[in-house]
Undergrad: 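Structure incoming, see below.
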Amino acid sequence: MPTSDSATGAAVVAPTPAASAVVAPASAPATTAAAERDPRIARSRAALREAFIALVEERGIDGFSVGDLCTSAGLNRGTFYNHFRDKESLLASFEDEVIEGLGGVLAKFQNIKLRELAAYSLTHRPLPMLVELYDYLREEGPFLHAMLGPGGDARFGMRLREAVCGRFVRSLLHERYQNDPSAFTRYYISFYSGAYLGVISEWIDSGMTETSEEMALISMRLLFIKPGESIKM
């Protein structure tokens with residue numbers, strides 16, 4: 001266990017018996033799976049996540065230390081270091097958790113066909129899988145707002161573009177193009193991936209006022225709109 005907070009140089013407080021009862025031993029990191037098994041770990045992790053988001057929004061990701069984070073979360077640093085090496089490993093854990101959750105939603109897109117999506121669009125019905133995707137994004141809205149904002153992690157935006165937008169666009173391509181290395185296919189996927197990341201970012205940044213159903217319809221309309229065509233829904 002580290003003996004000092006590298007960001008502040010302050011001595012690390014060893015976990016008290018009460019704090020140790022809240023989390024698992026150092027040999028069992030506070031992973032998502034562990035949190036699901038032990039509600040005490042889940043509460044500690046939730047407190048860290050809430051504090052992390054608030055501090056990123058207030059100071060930016062480089063503007064606070066582990067000590068600041070623990071103070072805000074109501075935990076001592078000994079408890080923190082039982083589970084994470086540093087602030088970066090905590091951030092990676094939170095980001096991986098969100099990407100993993102998105103992967104579960106996007107797995108349902110693997111068999112979707114463009115003609116099926118077009119049929120929903122023509123009848124002005126939101127594709128259920130897209131509604132579910134926006135539901136999940138809304139649940140993670142506070143974290144996404146912090147990470148995609150000016151004080152967040154720029155690398156996470158790139159991960160989100162590939163994990164969500166790129167995977168969605170690629171799933172709609174004919175199977176012979178899904179692994180096509182040609183320049184045009186790469187730029188096609190990159191073009192639409194960047195566009196959809198922009199849509200998601202705008203929705204989150206503007207307060208997610210549209211419902212998941214409305215966002216699904218907007219996303220579908222944007223895919224099929226043609227240059228010069230009316231941009232009304």
Side-chain angles (χ1 to χ4, degrees), residues 53 57 94-150 152-180 182-233:
I53 291 170
E57 293 282 18
F94 289 154
E95 291 184 350
D96 289 346
E97 184 178 31
V98 172
I99 295 298
E100 182 180 349
L102 285 167
V105 175
L106 289 165
K108 301 176 183 180
F109 283 79
Q110 290 182 347
N111 297 319
I112 188 70
K113 302 298 181 186
L114 192 60
R115 60 178 177 272
E116 182 179 352
L117 189 61
Y120 273 91
S121 183
L122 287 172
T123 56
H124 301 285
R125 294 176 296 149
L127 186 71
M129 287 176 283
L130 271 175
V131 174
E132 186 175 348
L133 173 61
Y134 279 104
D135 281 342
Y136 182 82
L137 292 172
R138 183 184 295 280
E139 290 176 9
E140 296 293 348
F143 181 79
L144 294 171
H145 187 274
M147 291 302 102
L148 296 176
D153 182 8
R155 296 167 300 179
F156 184 68
M158 298 300 294
R159 288 188 70 186
L160 192 64
R161 189 179 82 163
E162 177 56 30
V164 180
C165 308
R167 190 168 174 181
F168 169 60
V169 174
R170 192 174 284 107
S171 70
L172 297 176
L173 296 176
H174 189 281
E175 59 184 15
R176 72 172 178 269
Y177 297 120
Q178 290 185 358
N179 296 307
D180 179 18
S182 70
F184 187 81
T185 299
R186 287 191 291 107
Y187 285 119
Y188 179 92
I189 294 172
S190 179
F191 175 80
Y192 276 103
S193 298
Y196 277 114
L197 179 60
V199 170
I200 291 170
S201 298
E202 173 62 23
W203 182 57
I204 292 170
D205 194 50
S206 62
M208 298 181 288
T209 53
E210 292 82 10
T211 67
S212 298
E213 288 77 10
E214 289 172 329
M215 288 307 301
L217 287 171
I218 288 170
S219 298
M220 292 158 60
R221 175 76 174 119
L222 289 171
L223 186 65
F224 293 105
I225 198 168
K226 299 175 182 177
E229 186 179 352
S230 170
I231 60 173
K232 295 181 179 180
M233 285 293 291

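Residues: numbered from 1 along the sequence shown.
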Undergrad: For Leu106 versus Ala163, what's the shortest heavy-atom pair and its separation?
TA: CD1-O, 2.8 Å

Undergrad: What's the spacing between Arg221 CZ and Glu214 CD if we round to 0.5 Å?
TA: 15.5 Å

Undergrad: Please evaluate residues Leu160 and Leu102 with respect to the criterion side-chain contact (heavy atoms from CB on, under 4.5 Å), reporting the C-alpha separation (whole Å), side-chain torsions for both, the decisive distance (0.1 Å), and the verdict.
TA: CA-CA 9 Å; Leu160 192 64; Leu102 285 167; 3.5 Å; yes

Undergrad: Under the salt bridge (Lys or Arg N to Asp or Glu O under 4.0 Å) criterion, do Glu162 and Arg170 qualify, and how do the steps go?
TA: CA-CA 10 Å; Glu162 177 56 30; Arg170 192 174 284 107; 3.4 Å; yes

Undergrad: Is there side-chain contact between His124 and Met220, with at least one heavy-atom pair below 4.5 Å?
TA: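 A side-chain contact is absent here, since even the closest heavy-atom pair is not under 4.5 Å.
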
Undergrad: Could you check if a side-chain atom of Thr211 sits within less than 4.5 angstrom of a side-chain atom of Tyr134, using non-hydrogen atoms only?
TA: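 The answer is no, as the side chains (C-beta and beyond) never meet within the 4.5 Å cut-off.
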
Undergrad: Looking at side-chain heavy atoms only, is the closest gap between Met215 and Leu133 below 4.5 Å?
TA: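 Contact flag for Met215/Leu133 side chains = no.
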
Undergrad: Could you state the interatomic distance from OG (Ser212) to CH2 (Trp203), rounded to the nearest 0.5 Å?
TA: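 These two atoms lie 5.0 Å from each other.
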
Undergrad: So, taking the atom named CE in Met158 and the one named OG in Ser193, what distance separates them when rounded to the nearest 0.5 Å?
TA: 9.5 Å

Undergrad: Are side-chain heavy atoms of Tyr188 and Val169 found at a separation under 4.5 Å?
TA: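 Touching, per the 4.5 Å side-chain cut-off.
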
Undergrad: Nearest 0.5 angstrom please: Leu144 CG to Glu95 CD, how far?
TA: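 Reported value, rounded in 0.5 Å steps: 10.0 Å.
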
Undergrad: Please report the interatomic distance CD1(Ile218) to CD(Glu213), rounded to the nearest 0.5 Å.
TA: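 Result: 11.5 Å between the selected atoms.
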
Undergrad: Under a 4.5 Å cut-off applied to non-hydrogen side-chain atoms, are Phe168 and Leu130 in contact?
TA: yes

Undergrad: State whether the side chain of Ser190 and the backbone N or O of Arg186 hold a donor-acceptor pair below 3.5 Å, judged by distance alone.
TA: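 Not at all, since once roles are kept as given, no pair shorter than 3.5 Å links the two residues.
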
Undergrad: So which heavy atom on Leu217 is nearest to which on Pro126, and how close?
TA: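 Nearest heavy atoms, Leu217 then Pro126: CD2-N, 3.5 Å.
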
Undergrad: Should we say atom CZ of Arg155 is surrounded by more than 12 heavy atoms from elsewhere, each under 6.0 Å from it?
TA: no

Undergrad: Answer yes or no: is there a side-chain heavy-atom contact under 4.5 Å between Cys165 and Ile200?
TA: yes

Undergrad: For the residue pair Ile99 and Val164, establish whether any side-chain heavy-atom pair is separated by less than 4.5 Å.
TA: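 No. Closest side-chain heavy atoms not under 4.5 Å.
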
Undergrad: Do you know which two heavy atoms are closest between Met147 and Phe156, and how far apart they sit?
TA: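 Minimum heavy-atom contact is CB-CD2, 3.7 Å.
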
Undergrad: State the CD1-NE2 distance between Ile204 and His145, to the nearest 0.5 angstrom.
TA: 8.5 Å

Undergrad: Taking Ser201 for the side chain and Leu197 for the main chain, is one N or O donor matched with an acceptor at less than 3.5 Å?
TA: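 Yes, Ser201 side chain to Leu197 backbone: donor-acceptor pair under 3.5 Å.
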
Undergrad: With a 4.0 Å cut-off on N to O distance, would you call Glu210 and Arg138 a salt bridge?
TA: no

Undergrad: Between Leu223 and Tyr192, does the side-chain contact (heavy atoms from CB on, under 4.5 Å) criterion hold? Intermediate values first, please.
TA: CA-CA 8 Å; Leu223 186 65; Tyr192 276 103; 4.0 Å; yes

Undergrad: With a 4.5 Å limit on heavy-atom distance, are the side chains of Asp205 and Leu148 in contact?
TA: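 Sidechains of Leu148 and Asp205: no contact.
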
